[in-house]
Amino acid sequence: MTSALRLGCIADDLTGATDLALMLAREGMRVVQTTGCPAPDLDLGDADAVVVALKSRTIPATEAVAQSLAAAAALKERGAAHLFFKYCSTFDSTDAGNIGPVAEALLDLTGSDLTIACPAFPANRRTVYRGHLFVGDLLLSDSSMKDHPLTPMRDANLVRVLQRQTRLRVGLVPYEIVAAGAEAIRAAFARARAAGERIVVVDAVSDAQLRTIGAAVHDLAVVTGGSGVAMGLPAAWGFAPSADAAERMPAPAGRQAVLAGSCSAATRGQVAAALAAGLPAFRVDPLDLAAGRLAASAVVDWAVRQPADRAVMIYSSADPDDVARAQAALGRERAGSIVEELLGAVARELAARGFTRLVIAGGETSGAVVAALGVRALRIGPEIAPGVPWTRTLDGTDLALALKSGNFGAEDFFTAAFERLQPAAVPARSGH
């Protein structure tokens with residue numbers, strides 16, 4: 001297998017990048033994940049794929065496009081033969097973007113005439129049928145995503161959603177064509193091109209169909225979707241999964257902490273389960289932060305005082321009514337950013353005081369924490385839950401990080417995650 005960089009990936013948030021990196025690694029590719037564009041001095045080793053984590057999901061579309069194009073240019077300079085734009089399996093966006101504008105810009109950059117949009121991730125019960133996105137048995141617009149504080153999703157028809165975001169014509173490759181196989185999908189692409197369609201939403205309700213889609217799109221210069229649609233790409237390029245994937249990851253010795261900033265239904269359930277299990281917990285209220293009644297130093301001092309043999313949990317997760325009250329008082333953006341800033345500062349100080357194993361819940365929170373820690377690159381470790389691996393830093397302070405999308409993981413995730421780490425310290429960083 002050649003060591004040339006096959007795939008350059010651009011993810012619109014950090015946990016999404018980790019989710020994608022895990023998928024590619026599980027399918028046999030050597031993967032490095034970077035925070036922002038890879039620095040010129042960063043050694044990517046023999047990586048087959050590089051996943052660039054941005055924080056572009058909810059910023060203005062023009063800024064998201066600029067950041068994504070800069071990442072794409074850096075990846076192409078490193079030799080990436082194909083580009084993958086990764087977004088959430090719940091298609092988190094607004095009518096202004098950012099999925100459509102970024103996809104459009106990447107097509108223009110590469111001179112490509114067609115790409116797909118497929119956020120399906122059946123392992124986490126995200127499926128696309130007749131162009132409609134389902135979360136479990138519910139249409140996206142009937143799920144808890146309809147009340148997301150930043151990207152409320154109130155239309156499950158992805159063709160319609162995407163068409164409102166882009167000037168390009170959007171089409172659909174429906175279920176029966178996907179079920180007919182890769183050649184049928186490629187024939188549908190030819191018909192889409194003839195009809196002037198530049199982005200086609202592709203149905204998928206199973207992993208087998210995602211692998212079929214991968215075989216059909218492996219020669220496209222640009223692919224967009226959730227991590228699921230990347231499942232079939234490595235095999236189409238000749239990669240094969242490793243038979244001896246590790247179940248537990250070597251990790252630095254040190255204390256353990258959970259930092260939860262997501263307010264998704266899944267994370268709220270995980271917080272409740274951790275509280276019921278007796279995990280020492282500190283709740284962060286954005287109104288206390290805004291009023292100056294709480295500082296990072298007080299949170300860290302509390303954490304250090306807890307029993308050293310137990311993980312601690314620091315969380316701001318709240319139900320929709322509490323979130324709405326905070327947003328009404330502080331404004332939508334400030335209510336979120338003030339918590340992210342605090343949790344980033346807390347993580348930095350915890351790392352300095354011996355907390356080396358951290359579970360972070362929420363895409364925005366993970367981005368803030370990784371930025372505060374100064375992490376530039378991560379090695380992907382074993383899967384904790386679908387879409388969520390442990391990672392280990394490749395530079396700077398030696399840390400084990402689990403970066404979890406707010407919507408992912410079972411209720412016991414916060415306690416079960418630490419069971420996937422080896423208990424003893426192991427010398428780190430002997431490659432990618």
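In this text, all values refer to a predicted model and were calculated from it rather than measured experimentally.
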Using every non-hydrogen atom in the two residues, find where [X] and [Y] come nearest and quote the distance to one decimal.
| X | Y | answer |
| --- | --- | --- |
| A204 | I213 | CB-CD1, 3.8 Å |
| K146 | P152 | O-CB, 3.3 Å |
| M249 | G381 | SD-CA, 4.0 Å |

So [Y] and [X], do their side chains get closer than 4.5 Å, heavy atoms only?
| X | Y | answer |
| --- | --- | --- |
| F134 | V128 | no |
| M313 | L275 | yes |
| T58 | D92 | no |
| S297 | E349 | no |
| V223 | F85 | no |
| Q33 | I380 | yes |
| L69 | L106 | yes |
| I99 | L162 | yes |

So which pairs with a foot in residues 116-130 pass side chain to side chain donor-acceptor pair (under 3.5 Å), sequence neighbours left out?
->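 Output for this query lists S89-R126, R130-E176.
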What is the distance from atom [atom1] of [X] to atom [atom2] of [Y], rounded to the nearest 0.5 Å?
| X | Y | atom1 | atom2 | result |
| --- | --- | --- | --- | --- |
| L139 | M153 | CG | CE | 12.0 Å |
| C37 | L42 | SG | CG | 11.5 Å |
| N157 | L133 | CG | CG | 10.5 Å |
| I10 | S68 | CD1 | OG | 5.5 Å |
| R357 | L421 | CZ | CG | 5.0 Å |
| F239 | E27 | CZ | CD | 11.5 Å |

Between E104 and T166, do the side chains contain an N or O donor and an N or O acceptor separated by less than 3.5 Å?
->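 Yes - a donor-acceptor pair under 3.5 Å links their side chains.
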Just checking, any donor-acceptor pair under 3.5 angstrom between side chains of S227 and D19?
->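 D19 and S227 do have a side-chain donor-acceptor pair below 3.5 Å.
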[X]: which residues meet the ring pair (Phe, Tyr, Trp, His ring centres under 6.0 Å) condition with it, sequence neighbours left out?
| X | value |
| --- | --- |
| F121 | F408 |
| Y315 | none |
| F355 | none |
| H148 | none |

Worked check of side-chain contact (heavy atoms from CB on, under 4.5 Å) between T397 and T356 = CA-CA 9 Å; T397 304; T356 61; 5.9 Å; no
Throw together a table of side-chain donor-acceptor distances under 3.5 angstrom for residues 257-264, partners on residues two or more places apart or in other chains.
unit_1	atom_1	unit_2	atom_2	d
S262	OG	S264	N	3.1
S262	OG	S264	OG	3.2
S262	OG	T267	OG1	3.4
S264	OG	T267	N	3.2
S264	OG	T267	OG1	3.2
S264	OG	G406	O	2.5

With a 3.5 Å distance limit and no angle check, can you tell me whether [X] reaches the backbone of [Y] through a side-chain donor-acceptor pair?
| X | Y | result |
| --- | --- | --- |
| Q165 | T94 | yes |
| E63 | I59 | no |
| W302 | A281 | no |
| R420 | W390 | no |
| R26 | M231 | no |
| S93 | F91 | yes |
| Q163 | V170 | yes |
| N98 | A64 | no |
| T115 | V222 | yes |
| R164 | A96 | no |

Test salt bridge (Lys or Arg N to Asp or Glu O under 4.0 Å) applied to D13 and K86, step by step | CA-CA 9 Å; D13 81 340; K86 197 275 178 193; 5.4 Å; no
Please assess V284 against F282 for the test side-chain contact (heavy atoms from CB on, under 4.5 Å), listing each intermediate value before the final yes or no.
-> CA-CA 7 Å; V284 174; F282 190 111; 4.2 Å; yes
Can you spot which of V31, L401, T34, L394 makes a side-chain contact (heavy atoms from CB on, under 4.5 Å) with L378?
->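 Running side-chain contact (heavy atoms from CB on, under 4.5 Å) over V31, L401, T34, L394 with L378 returns exactly one hit, L401.
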Taking only residues two or more places apart in sequence or in another chain, which ones pass salt bridge (charged side-chain N to carboxylate O under 4.0 Å, His left out) with [X]?
| X | value |
| --- | --- |
| E77 | none |
| R348 | none |
| D322 | R325 |
| D319 | none |

With C9, which residues qualify under side chain to side chain contact (heavy atoms under 4.5 Å, CB included), at least two apart?
->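 For C9 the side chain to side chain contact (heavy atoms under 4.5 Å, CB included) partners, ignoring immediate neighbours, are L7, L20, L24, V51, F84.
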Are the charged groups of R293 and D285 less than 4.0 angstrom apart, N to O?
->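 The answer is no: the pair does not qualify as a salt bridge.
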Less than 4.0 Å between a side-chain N and a carboxylate O, is that true for R160 and D155?
->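 Salt bridge: yes.
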Test side-chain contact (heavy atoms from CB on, under 4.5 Å) applied to L5 and V50, step by step = CA-CA 8 Å; L5 183 60; V50 174; 3.7 Å; yes
Could you please spell out the steps behind the salt bridge (Lys or Arg N to Asp or Glu O under 4.0 Å) verdict for D301 and R353?
-> CA-CA 10 Å; D301 288 344; R353 297 177 73 169; 3.2 Å; yes
Please tabulate, for side-chain N and O atoms in residues 363-377, each donor-acceptor pair with protein atoms closer than 3.5 Å (sequence neighbours left out).
unit_1	atom_1	unit_2	atom_2	d
S366	OG	G362	O	2.8
R376	NE	D395	OD2	2.8
R376	NH1	D41	OD1	3.0

Worked verdict on L14 versus K55 for side-chain contact (heavy atoms from CB on, under 4.5 Å) | CA-CA 7 Å; L14 187 68; K55 193 179 179 183; over 6 Å; no
